[in-house]
There are 2 protein chains.
Amino acid sequence: MEMTAHKEDESRRGTADECRSIAGHLSWIGGRWTLPVVVTLGDGALRFNQLKRAVGGVSQQMLTRTLKDLERDGMISRTVHPTVPPQVEYTLTELGRSLARQGIQLGSWVLANRSAIEEHRQGFDAIR
Amino acid sequence: MEMTAHKEDESRRGTADECRSIAGHLSWIGGRWTLPVVVTLGDGALRFNQLKRAVGGVSQQMLTRTLKDLERDGMISRTVHPTVPPQVEYTLTELGRSLARQGIQLGSWVLANRSAIEEHRQGFDAIR
DNA sequence: CGGCATCCTAGCCGATACTG
DNA sequence: CAGTATCGGCTAGGATGCCG
């Protein structure tokens with residue numbers, strides 16, 4: 001496949017090839033609450049409503065979904081304490097902690113550059 | 001607001017606070033083609049259709065949109081060569097290059113961990 | 001308290017056709 | 001070649017209500 005290759009296109013792949021194939025997983029990370037939740041849990045275990053308050057702005061529905069997906073992917077572990085009232089604790093797994101590190105890094109980048117982005121955006125909108 | 005604070009919740013913020021506020025920008029990065037395009041351009045300038053082929057699987061509509069957004073945010077610069085037929089070259093700005101580096105890093109992480117994720121996912125699905 | 005089920009909306013994203 | 005315009009599907013995400 002793709003043997004029709006114009007050399008000018010073919011000769012310049014590299015990192016692109018890798019990143020293209022993982023686009024699916026990337027959009028997963030881009031989920032509205034995935035990184036906020038993971039990073040929040042990076043500070044330590046939390047119960048459901050604690051987590052909800054700590055993240056801020058998330059509906060309980062979305063928090064439930066996000067947590068379930070994260071558990072499914074092995075990022076967090078869920079511990080039920082059979083007390084009254086019931087308590088459920090969420091903790092990051094080792095895999096989750098490594099994701100949290102990535103999230104913080106990405107967050108730092110956005111934080112460092114968002115003013116620049118905002119500027120460009122306004123300059124662009126002014127013209128258009 | 002929020003002066004009702006239970007101390008157990010309040011005392012454990014840190015990195016979370018930062019990341020919460022940038023959730024919006026994060027979902028922007030999570031756009032289906034944002035990172036693939038940026039990373040692809042990381043290897044050098046490309047014209048529209050070259051870029052389309054290099055990224056692979058992107059419709060020209062989505063490429064146009066993604067490029068416009070990226071230009072708006074100051075990640076790429078657009079150069080029109082008034083030739084026949086017209087040629088338009090896209091290049092990363094300095095800001096864009098720094099984003100590309102982030103993208104590659106994130107991509108590497110996914111690449112390194114996706115097998116682990118897949119495993120957990122199957123184990124989880126088996127039980128449920 | 002924690003969490004599912006249901007309904008609903010906004011926007012992302014894609015395929016197609018048309019313009020300069 | 002490099003777009004714009006239009007249509008429509010899909011689904012992420014939010015509001016609400018009920019259950020254990």
Side-chain angles (χ1 to χ4, degrees), chain A residues 6 8-9 20 23-38 40-41 45-73 76-91 124 127-128, chain B residues 4 6 8-9 20 23-37 40-41 45-73 76-91 124 127-128:
Chain A
H6 301 262
E8 55 177 3
D9 287 354
R20 226 186 2 155
H25 290 265
L26 245 42
S27 62
W28 170 80
I29 291 177
R32 181 71 184 78
W33 299 109
T34 309
L35 286 185
V37 165
V38 170
T40 301
L41 279 177
L46 282 178
R47 303 213 329 273
F48 188 87
N49 279 336
Q50 284 181 325
L51 185 54
K52 186 170 181 297
R53 282 188 295 269
V55 171
V58 61
S59 71
Q60 141 269 45
Q61 171 73 296
M62 285 318 297
L63 185 54
T64 302
R65 288 187 198 176
T66 304
L67 286 170
K68 204 194 300 181
D69 287 345
L70 285 173
E71 189 194 0
R72 185 175 119 102
D73 290 346
I76 63 176
S77 67
R78 183 173 174 276
T79 312
V80 180
H81 299 278
T83 58
V84 179
Q87 299 200 348
V88 183
E89 239 187 21
Y90 293 94
T91 326
F124 191 85
I127 299 171
R128 284 263 146 167
Chain B
T4 62
H6 302 261
E8 54 176 3
D9 287 352
R20 226 185 5 153
H25 291 264
L26 245 43
S27 64
W28 170 82
I29 290 176
R32 182 71 185 79
W33 298 108
T34 309
L35 285 185
V37 165
T40 300
L41 279 177
L46 282 179
R47 303 214 325 273
F48 188 86
N49 278 337
Q50 284 181 325
L51 185 55
K52 185 170 182 295
R53 282 189 294 269
V55 171
V58 61
S59 71
Q60 130 270 55
Q61 172 73 294
M62 283 318 297
L63 185 53
T64 301
R65 288 184 196 175
T66 304
L67 286 171
K68 205 191 300 180
D69 287 344
L70 285 172
E71 189 195 358
R72 186 176 118 102
D73 290 347
I76 63 177
S77 66
R78 183 173 173 277
T79 312
V80 181
H81 299 277
T83 59
V84 179
Q87 297 200 350
V88 184
E89 239 188 22
Y90 293 94
T91 326
F124 191 84
I127 300 171
R128 288 261 145 170

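Protein chains get the first letters and strands the later ones, always in sequence-line order, with residue 1 at the start of each.
When each of B:Q87 and A:V58 is assigned the nucleotide of DNA chain D bearing its nearest heavy atom, the one mapping closer to the 5' terminus is B:Q87. For the pair B:R65 and B:P86, both in contact range of DNA chain D, the more 5′-proximal nearest nucleotide belongs to B:P86.
Phosphate proximity of C:dC12 to B:W33: absent, as no side-chain N or O sits under 4.0 Å from OP1 or OP2. Phosphate proximity of D:dC1 to B:Y90: absent, as no side-chain N or O sits under 4.0 Å from OP1 or OP2.
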Exercise for the section: Take B:Y90 and B:E71, measure what side chain to side chain contact (heavy atoms under 4.5 Å, CB included) needs, and give me the verdict at the end. Expected result: CA-CA 9 Å; B:Y90 293 94; B:E71 189 195 358; 5.7 Å; no

Practice task
In sequence, state the C-alpha distance, the side-chain angles, and the governing distance for B:V58 and B:V37, and then conclude on side chain to side chain contact (heavy atoms under 4.5 Å, CB included).
Solution key: CA-CA 10 Å; B:V58 61; B:V37 165; 5.9 Å; no

Problem - side chain to side chain contact (heavy atoms under 4.5 Å, CB included) evaluation trace for B:W28 with B:D73 - result: CA-CA 11 Å; B:W28 170 82; B:D73 290 347; 3.2 Å; yes

Exercise for the section: Start with the C-alpha gap between A:T79 and A:H81, add the side-chain angles, then the distance that decides, and say whether side chain to side chain contact (heavy atoms under 4.5 Å, CB included) holds. Expected result: CA-CA 7 Å; A:T79 312; A:H81 299 278; 4.2 Å; yes

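With hydrogens and angles ignored, no donor-acceptor pair under 3.5 angstrom links the side chain of B:Q61 to the base of D:dG3.
Of all non-hydrogen atoms in B:R78 and B:V88, the two that sit nearest each other are CG-CG1, 3.6 Å. Residues B:W33 and B:T66 come closest through the heavy atom pair CB-OG1, 3.7 Å.
Base pairing in DNA chain D gives the following stems of 3 or more Watson-Crick or G-U pairs, range against range and under 3.5 Å: C:1-20 with D:1-20.
Computed from coordinates, the B:K52 NZ to D:dC1 C1' distance equals 12 Å when rounded to whole Å. In this structure, A:M62 places its CE atom 17 Å from C1' of C:dG2, rounding to the nearest Å. Taking atom CD of residue A:Q50 and atom P of nucleotide C:dG3, one finds them 13 Å apart after rounding to whole Å. One atom, CZ of B:R47, and another, P of D:dG3, lie 11 Å apart when rounded to the nearest Å. Here the P atom of nucleotide C:dA15 and the CG atom of B:L63 are 13 Å apart, to the nearest Å. Atom pair B:L46:CG and D:dC1:C1' shows a separation of 15 Å (rounding to whole Å applied). In this structure, CD of A:E71 is placed 15 Å from P of C:dG2, rounded to the nearest angstrom. Rounding to whole angstrom units, CG of residue B:L67 and C1' of D:dC1 are separated by 14 Å.
If you check D:dG3, D:dA2, C:dG14 against the side chain of B:T64, the one that comes closest is D:dG3.
With sequence neighbours excluded, the residues satisfying salt bridge (charged side-chain N to carboxylate O under 4.0 Å, His left out) with A:R72 are B:D125.
B:S59 comes within contact range of the sugar-phosphate backbone alone, with a heavy-atom separation under 4.0 Å but no base atom that close.
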